[in-house]
Colleague: 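I am attaching a structure below and will ask some questions about it afterwards.
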Amino acid sequence: MTEPDTTPTPTGTNEAGAPAARRMQTLADAARDAVPIVVGYVTLGLAAGMLLVAEGLAWWWAPVWSLVIYSGTMQMLLVPLASAGGEPLAAIALSTGFVSGRHVFYGLGFPLERVRGRALTRLYAVHAITDEVYALLAARDRRAMSGRYLVGVEAISHASWVSGTTVGALAGTALASAVGERIELLGFVLTSLFVVLAIENWRNHPDIGVLCVGLVAGGVGLAIGGSAALLTALVILAVGLVGLYAWRGRRPGASASESGQRDS
């Protein structure tokens with residue numbers, strides 16, 4: 001997939017008895033490290049594929065969206081937007097920008113210089129950066145990773161997402177033929193997913209201010225309703241979080257308290 005990476009793996013980590021850097025060069029190394037991502041993507045992909053069918057879309061949209069969009073959150077949100085049929089393209093585009101715009105910043109910290117191959121390979125390396133892939137690679141020594149390893153982790157993760165959503169869509173299609181219109185009950189998958197994510201985030205980072213901003217944004221979106229509900233909620237959420245961050249940064253003693261928290 002990429003040209004052989006001839007950059008030697010750093011060996012200076014052996015000083016003072018420190019262990020040598022773990023090998024991250026081959027596709028086998030990439031497959032080993034991508035296992036946690038694969039498990040998560042297949043599991044979540046099954047739910048995403050079944051949700052797509054439950055909303056009345058054809059199963060083949062699952063692999064198409066997974067290949068082209070490749071954003072779990074946005075694919076989940078796009079299903080009800082596309083099935084409704086009344087959402088303007090501008091609203092969908094802006095919603096996508098709010099939800100997936102963070103990927104632009106991932107590219108700034110991605111070791112793209114390690115990918116030595118054709119232009120298409122490098123473009124794919126940028127396209128296939130996700131939250132989980134970035135978190136995995138950011139924790140590694142970028143000097144010890146070859147281009148083959150980087151693209152291998154991305155391709156294996158991407159393939160697991162495509163496989164999961166496709167199998168889920170096919171299973172949903174078979175289930176729909178058995179239960180008929182009751183397949184629409186699977187629409188709870190999306191709501192349940194974000195409820196679980198919200199609970200997990202609260203357990204790890206409890207923040208009353210952020211919770212209040214989210215509740216206000218969601219409430220206003222529900223009150224407005226229609227095609228502008230999601231976009232309105234996202235705009236209010238973004239503005240509210242930026243305002244909350246700026247307000248906390250200007251409070252007297254904010255920097256001292258934050259440094260004290262980091263020290264603890």
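Hydrogens, waters and symmetry mates play no part in the numbers below; they use all other heavy atoms, side chains included.
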Colleague: Mind checking whether V126 and M145 sit in one hydrophobic cluster, side chains of I, L, V, M, F, W, Y counted as touching below 4.5 Å?
Modeller: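 Yes: a chain of side-chain contacts under 4.5 Å links V126 to M145.
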Colleague: How close do R148 and T26 get, heavy atom to heavy atom, and via which atoms?
Modeller: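 Between these two residues, the closest heavy atoms are CD-CA, 4.4 Å.
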Colleague: Would a single hydrophobic cluster contain both V53 and V64, if residues Ile, Leu, Val, Met, Phe, Trp and Tyr are joined by side-chain heavy-atom contacts under 4.5 Å?
Modeller: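 Same cluster.
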Colleague: Do the side chains of L44 and L57 join up, straight or via other hydrophobic residues, at under 4.5 Å, putting them in one cluster?
Modeller: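 Result: yes, single cluster for both.
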Colleague: Kindly determine whether T173 and W60 satisfy side chain to side chain contact (heavy atoms under 4.5 Å, CB included), including the steps that lead there.
Modeller: CA-CA 10 Å; T173 301; W60 51 266; over 6 Å; no
Colleague: Do the non-hydrogen side-chain atoms of W65 and L52 ever get within less than 4.5 Å of each other?
Modeller: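 Touching, per the 4.5 Å side-chain cut-off.
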Colleague: May I ask you to test the L211-D207 pair for a side-chain heavy-atom distance under 4.5 Å?
Modeller: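 SC-SC contact between L211 and D207 ruled out.
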Colleague: What distance separates R122 CZ from L150 CG, expressed to the nearest 0.5 Å?
Modeller: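 That separation rounds to 11.0 Å.
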Colleague: Is V162 reachable from I129 through a run of hydrophobic residues whose side-chain heavy atoms are each under 4.5 Å from the next?
Modeller: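 No, I129 and V162 fall in different hydrophobic clusters.
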Colleague: Quick check for you: to the nearest 0.5 Å, what is the distance between H127 atom NE2 and L67 atom CG?
Modeller: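 Going from the NE2 atom of H127 to the CG atom of L67 covers 7.5 Å.
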Colleague: Mind checking who shares a hydrophobic cluster with V210, ILVMFWY linked at side-chain heavy-atom distances under 4.5 Å?
Modeller: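 Members besides V210, by chain and number: V213, L237, L241, L244, W247.
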Colleague: I'd like to check T130 versus W161 (side-chain heavy atoms, cut-off strictly below 4.5 Å). Are they in contact?
Modeller: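 Not touching, per the 4.5 Å side-chain cut-off.
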Colleague: Compare all side-chain heavy atoms of S157 with those of Y70 and state whether any distance is below 4.5 angstrom.
Modeller: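 SC-SC contact between S157 and Y70 confirmed.
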Colleague: Any non-hydrogen side-chain atom of T165 less than 4.5 Å from a side-chain atom of Y41?
Modeller: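 No, side chains not in contact.
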Colleague: Taking the hydrophobic residues Ile, Leu, Val, Met, Phe, Trp and Tyr, and joining any pair whose side-chain heavy atoms are under 4.5 Å apart, which ones share a cluster with L27?
Modeller: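 Its cluster mates, by chain and number: none.
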Colleague: Is it the case that one hydrophobic cluster holds both V133 and V151, taking links as side-chain heavy atoms less than 4.5 Å apart, direct or via other members?
Modeller: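 As far as the 4.5 Å side-chain criterion goes, V151 and V133 are connected within one cluster.
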Colleague: Could you pull out the closest heavy-atom pair between A169 and A62, with the gap in Å?
Modeller: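 Closest pair (atom of A169, atom of A62, distance): CB-CB, 3.7 Å.
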Colleague: Where does the angle between the aromatic ring planes of H158 and Y124 fall among parallel (under 30°), tilted (30 to 60°) and perpendicular (over 60°)?
Modeller: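 Judged by the thresholds at 30° and 60°, the geometry between H158 and Y124 is parallel.
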